[in-house]
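Letters go in sequence order (proteins before strands), and every chain restarts at 1.
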Amino acid sequence: MEKKLSSIAKSLKPSPIQQLSLLAQRGNAVNLAEGFPDFPAPPHIKAAALSAITSDFNQYRHVQGICSLLVDKMKQMHGLDVDPLTDIAICCGQTEAFAATMFAIINPGDEVILFEPSFETYGTCISMAGGIPVYVALDPPYWTLDEVKLLDAFTAKTKALVLNSPHNPTGKVFNMGELEIIAEYCRTKDCIAITDEVYEHIIYDNEPHISLASLPGMQNRTIITSSLSKTYSVTGWRVGWAIGPSCIASAIRNIHTKVTDSAPAPFQEAALTALRSPPEYYISLRAEYESKRDFVFKLLCQVGFQVEFKPLGSFFIFAALPETCKLTDVEFVEELIKEAGVVAVPGCGFFHTKHDYHNRYIRFAFCKDDATLTSAARKMQQLVDASGRLRFL
Amino acid sequence: MLLPSCIRPSFRITTTTTFYKHSSHWRHHITPINHSRRLSVPTFINSASISTASSTTVEDHQPSVMAQDGSTPHHPLQVAKRLEKFKTTIFTQMSSLAIEHGAINLGQGFPNFDGPDFVKDVAIQAIKDGKNQYARGFGVPDLNSAIAARFHKDTGLTVDPEKEITVTSGCTEAIAATILGLINPGDEVIVFAPFYDSYEATLSMAGAKITCITLRPPDFSLPIEELKSKVSKNTRAILMNTPHNPTGKMFTREELDQIASLCIENDVLVFSDEVYDKLSFEMDHISIASLPGMYERTVTLNSLGKTFSLTGWKIGWAIAPTHLIWGVKQAHSYLTFATSTPMQYAAAAALRAPDSYYEELRKDYKAKKEILVEGLKSVGFNVYPSSGTYFVVVDHTPFGLPNDVAFCEYLIKEVGVVAIPTSVFYLDPSEGKNLVRFTFCKDEETLRSAVGRMKERLARK
């Protein structure tokens, strides 16, 4: 019966992350692995969802109001003019927005450029649509863009490029210089850009979040994908969107209709409230995450990690194992779970081509309650040697 | 452990020879209410380059000329070839028209009444209790257990909730994940027309070769000789739907036995869409998975929405043996990753509803069906028997309109009632031209008003 599987399904392996999750669950470990909060979602948004369910917003629907609010945001944040009737597709999370976009634009054999380390879903999604992911390595320790590497990645088959900024797993925020390089190539090579901007509001040190779509010549070749999940701490609600030129947005909408038909109705209603959150909400979101970032950054430095790069966005720190550590990332995390009762994600899952550093990084998530972070700190600090460094680092 | 780099699937690019086109009537008769209705293509692309499905060339990028300000004037943002034909669905189009004309909507298949409080309350509590983050990708454990328990009750089959069930965003996604997870480009899949419109779309996304067998009035029974002639060792799967949308037909034990023996003989999979299984009126619903030799080759698909009048919650699932569920699970994880968390908790409570809930449901729907069917008959439609679902298909030709689309437009504009033209459910639209679909998932007053309008304003020719 295995031969009945599609070739894509056969090529997929269970992620090493899943196995570690099981190990963590068994030991009741402090979870700094998974990228979702363990603190409650904002009360005003939950209330909106409750109200929607009670008021019978429970059948298939498309809430056009979301599109209008997104149009305002795109104008405010990026100076972009977007048509609410034609340029937006509401989907079940950014995941579906991305999947539908891939099915909308990829023909079998098309190549899609990705920057690595990269969130593991993109490449597989591209393959599912018949495309070929092509990885361009960002250079450690600061994950800088190497223009030569990018140029080399383009071929006659390149159809699109995916940009995730702020970036998972590194926390990098692509700056204007880098965006200009990427935009230049997209224009001259006539390439479509798909951005994943789910961490757009989780950005620090007054670093601006710039959308690639706002650069000259980019709006009409870029599809922006994002969602409610990270900004409003409701990763389980599955409301996201794709914004792009109307012919593509239209195709994405049509595909979405065939793949899931509708994003959950009451949460679409609640999205209206979420998207109307006052400026104070975003300011305090950033401030809280920034202080969590600083706490975890300090902790990791203290216990002996090599963290040269302090993230400017997202809620992840991609910490390097010091050279003295003989363990691989997977082995280290296993130790961390067993000895310290803390979980993190081995970085190898984010790399798709061999580098001499692909198993030297650990991703820590700090989208957790202060109590959780403090608990993780305490547990790790119990295992340090005389020099203050984690025993097995 | 590295993920495989640059997965290069080694498949052939083949064409699907029978591609469904929307009836050309739509383009002339319906004025788009909003721009999003059509797949609009930049005008500088002449129609010759928008090829039909038989073309397999990868689009050439037009060379782009840099303007002075660094922007490119125009470039062909090409949408994938296989999807160029997918326009806004018929349901959305008809609903928009309905609103425009103040028509009573017996077209789109969702209730105008809401789901039960005991289910909504659990969702509300789940949100309050903070269950708002990612659920386990293939389902909240409690829901998986509830699904397994319900399936056991319905079919007698025991399945492992952790290994043989994947929860998805509605049955629509379960279908998409099943097809994308188990079908390779070029694989032959048999479908029965008329069929729910996502089937064709999803099969073509997977690059499948669609073979269609038409179910015909008056009883839409399975043409077994035709099926025998079309099933071969090259057939990968049969995608079936029982109780059947749009006709309301339910596959009998005999028909299922025949399908089963052909599948076993030729090693064919079955994807069985059973979303309306609890809306079975004239006979008992039978899951093909429960027939001897069939569980190991069947993916059974279902959802919460129809049974519990919560179509907007998007909770569905696929049940299959481990060697098949793997593909579904993988595809699902890259389509939507996880399903809405609070609703899953509520779904678990729903599936544990006592028998009395289902009895009430059937009783309510039976009463509604009677209002509609009696009404349609008295108005002069030729009404075909419907054993299940909340749909009824009728022959509209006594009213003298040339086809189903024209009839539906007339019905909206002149009578103020919406029905769905069935031609959209066929690979060859002309097969549906005499038939339209009405739904009775509306409250009784709405149904009576609709019947009233038709009695008043619809005249036989």
Student: Select one option (side chain, backbone, both, neither) describing which atoms of B:T168 are under 4.5 Å from chain A's heavy atoms.
Tutor: neither
Student: Hey, mind stepping through B:I127 and A:I53 against side-chain contact (heavy atoms from CB on, under 4.5 Å) and telling me if it holds?
Tutor: CA-CA 11 Å; B:I127 293 170; A:I53 294 174; 3.8 Å; yes
Student: Can you name the nearest heavy-atom pair linking A:K46 to B:K128, along with the distance?
Tutor: NZ-O, 4.0 Å
Student: Roughly how far apart are B:M205 CE and A:M128 CE, rounded to 0.5 Å?
Tutor: 8.0 Å
Student: Give, as side chain, backbone, both or neither, the part of A:P37 having an atom under 4.5 angstrom from any heavy atom of chain B.
Tutor: both
Student: Could you state the interatomic distance from OG (A:S233) to CD (B:Q133), rounded to the nearest 0.5 Å?
Tutor: 6.5 Å
Student: Go through the atoms of A:F98 and report whether side chain, backbone, both or neither lie under 4.5 Å from a heavy atom of chain B.
Tutor: neither
Student: If we define contacts as heavy-atom pairs under 4.5 Å, which of B:L335, B:D121, B:T341 has the most with chain A?
Tutor: B:L335
Student: Picking from A:S262, A:P43, A:G93, which has the most non-hydrogen pairs under 4.5 angstrom with chain B?
Tutor: A:S262
Student: For A:E96, does its backbone N or O pair with a side-chain atom of B:T336 as donor and acceptor, under 3.5 Å?
Tutor: no
Student: Quick one: what part of B:P321 sits under 4.5 Å from any heavy atom of chain A, side chain, backbone, both or neither?
Tutor: neither
Student: Please report the shortest heavy-atom distance between A:R238 and B:A338, naming the atom on each side.
Tutor: NE-O, 2.9 Å
Student: When only pairs under 4.5 Å are counted, which of A:D38, A:T121, A:L215, A:V259 shares the most heavy-atom pairs with chain B?
Tutor: A:V259
Student: Say you draw a straight line from OH of A:Y60 to CD of B:Q108; how long is it, rounded to the nearest 0.5 Å?
Tutor: 8.5 Å
Student: Quick one: closest heavy-atom pair of B:Y134 and A:T235, and the distance?
Tutor: N-OG1, 2.8 Å
Student: What residue, out of B:D114, B:D129, B:I179, has the most heavy-atom pairs lying under 4.5 Å from chain A?
Tutor: B:D114
Student: Look up atom OG1 in A:T260 and atom NE2 in B:H332, then write down how far apart they are to the nearest 0.5 Å.
Tutor: 11.5 Å
Student: What part of A:A47 lies closer than 4.5 angstrom to a heavy atom of chain B: side chain, backbone, both or neither?
Tutor: neither
Student: What option among B:G130, B:A135, B:G115, B:P342 has the most heavy-atom pairs under 4.5 Å with chain A?
Tutor: B:P342
Student: So, do A:S127 and B:Y334 sit near enough that their side-chain heavy atoms are less than 4.5 Å apart?
Tutor: no
Student: Can you name the nearest heavy-atom pair linking B:S340 to A:W237, along with the distance?
Tutor: CB-O, 4.0 Å
Student: Are side-chain heavy atoms of B:W313 and A:P266 found at a separation under 4.5 Å?
Tutor: yes
Student: Within the 4.5 Å heavy-atom criterion, are B:F113 and A:Q59 side-chain neighbours or not?
Tutor: no
Student: Rounded to the nearest 0.5 Å, how far apart are CG of B:N132 and CG of A:L228?
Tutor: 11.5 Å
Student: Using non-hydrogen atoms only, which part of A:T328 is less than 4.5 Å away from chain B: side chain, backbone, both, or neither?
Tutor: neither
Student: If you apply the rule side-chain contact (heavy atoms from CB on, under 4.5 Å), what do you find for B:K120 with A:D56, and how did you get there?
Tutor: CA-CA 9 Å; B:K120 294 197 308 194; A:D56 300 345; 2.6 Å; yes
